[in-house]
Amino acid sequence: MLEKLTYELKAAVRRAVTLAGGGTFVAGDLGLSAAMLSKVQSAQYEEQLRLSLVPDLEALAGSPVITEWLARQQGYRLVRIDETDRGLSATLADLTRILEQTGDFNTSFSGALADEIIDAHERRELNARIESVCAAFRGVQDKINGAGRSGKKLEKDR
């Protein structure tokens, strides 16, 4: 089992090096000799990439290849923070607020339609209710779209 994990980890390192532009390019940026970088990628050698170099290599690769592999080994998957925030920031309280605002509008609107004439007072009230409903929807829309934060976070696979 350990041999398989070692091989897979080295494969993840190899993929990150390839994505970063190859061993010759990456070795200098990581402060490793080309020979050492070759060893940390090869299943023939026991040398491993220092954990402190993983963020630098993944930044050069433009992808968290190694971190994703490590997360999968523990039953997690790596998800961009901005992707998860979009789903978590809106709550049931937001839905309740929208339903309340919509209910208030429906009550006012049906009352205004009862005599089939919408007078100035009803028009002001309806416009205020419509604005409240729109504001509630805009608030949820802002939460769904998030603040544009970027980064990564772990989510446990189910």
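Positions are given from 1 along the sequence.
- In this structure, CG on Asp119 lies 8.0 Å from CZ on Arg124, to the nearest 0.5 angstrom.
- Contact between Ala27 and Leu37 at its shortest, heavy atoms only, is N-CD2, 3.7 Å.
- Across all their heavy atoms, Glu122 and Gly111 have their closest contact at OE2-O, 4.0 Å.
- The distance from the CD atom of Glu100 to the CG atom of Asp104 is 7.5 Å, given to the nearest 0.5 Å.
- Between the Lys10 side chain and the Gln44 main chain, no donor and acceptor come within less than 3.5 Å of each other.
- Within 6.0 Å of CZ in Arg14 there are more than 12 heavy atoms belonging to other residues, nucleotides or ligands.
- The closest side-chain heavy-atom distance from Val26 to Leu57 is below 4.5 Å.
- Here the CZ-CD distance, from Arg15 to Glu68, works out to 8.0 Å after rounding to the nearest 0.5 Å.
- Taken to the nearest 0.5 Å, the CD1 atom of Ile130 stands 12.5 Å off from the CD atom of Gln101.
- Residues Val40 and Arg50 form no side-chain contact, since every pair of their non-hydrogen atoms from C-beta on lies 4.5 Å or further apart.
- In this structure, a donor-acceptor pair under 3.5 Å is present between the side chains of Asp94 and Thr91.
- Two residues are said to be in side-chain contact when any heavy atoms from C-beta on lie closer than 4.5 Å; Val54 and Leu51 meet this criterion.
- Glu58 contributes a side-chain N or O that, together with a main-chain N or O of Ile66, makes up a donor-acceptor pair within less than 3.5 Å.
- Leu9 is connected to Val17 through a chain of hydrophobic side-chain contacts under 4.5 Å among Ile, Leu, Val, Met, Phe, Trp and Tyr, so both are in one cluster.
- Leu60 has its side chain within reach of Leu30: a pair of non-hydrogen atoms, C-beta onward, lies under 4.5 Å apart.
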request  = May I have the step-by-step check of side chain to side chain contact (heavy atoms under 4.5 Å, CB included) for Thr6 and Glu46, ending in yes or no?
outcome  = CA-CA 9 Å; Thr6 300; Glu46 291 193 22; over 6 Å; no
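- Between Leu32 and Leu49, the closest side-chain pair of non-hydrogen atoms falls below 4.5 Å.
- Considering CG of Asn106 and CG of Leu99, their distance stands at 10.0 Å, rounded to 0.5 Å.
- Grouping the Ile, Leu, Val, Met, Phe, Trp and Tyr side chains by contacts below 4.5 angstrom, directly or via other members, places Ile118 with Val133.
- Hydrophobic clustering (ILVMFWY, side-chain heavy atoms < 4.5 Å, transitive): Ile98 and Phe109 are in one cluster.
- Two different hydrophobic clusters hold Leu95 and Phe137 under the rule that ILVMFWY side chains link at heavy-atom gaps under 4.5 Å.
- Put simply, Tyr7 and Val65 are part of two different groups of oily side chains (I, L, V, M, F, W, Y) that touch within less than 4.5 Å, one to the next.
- For the pair Ser110 and Thr107, the tightest heavy-atom approach, listed with the atom from each and the gap, is OG-O, 3.1 Å.
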> Yes or no on side chain to side chain contact (heavy atoms under 4.5 Å, CB included) for Val13 and Trp69, after CA distance, side-chain angles and deciding distance?
Replying inline: CA-CA 10 Å; Val13 171; Trp69 180 83; over 6 Å; no
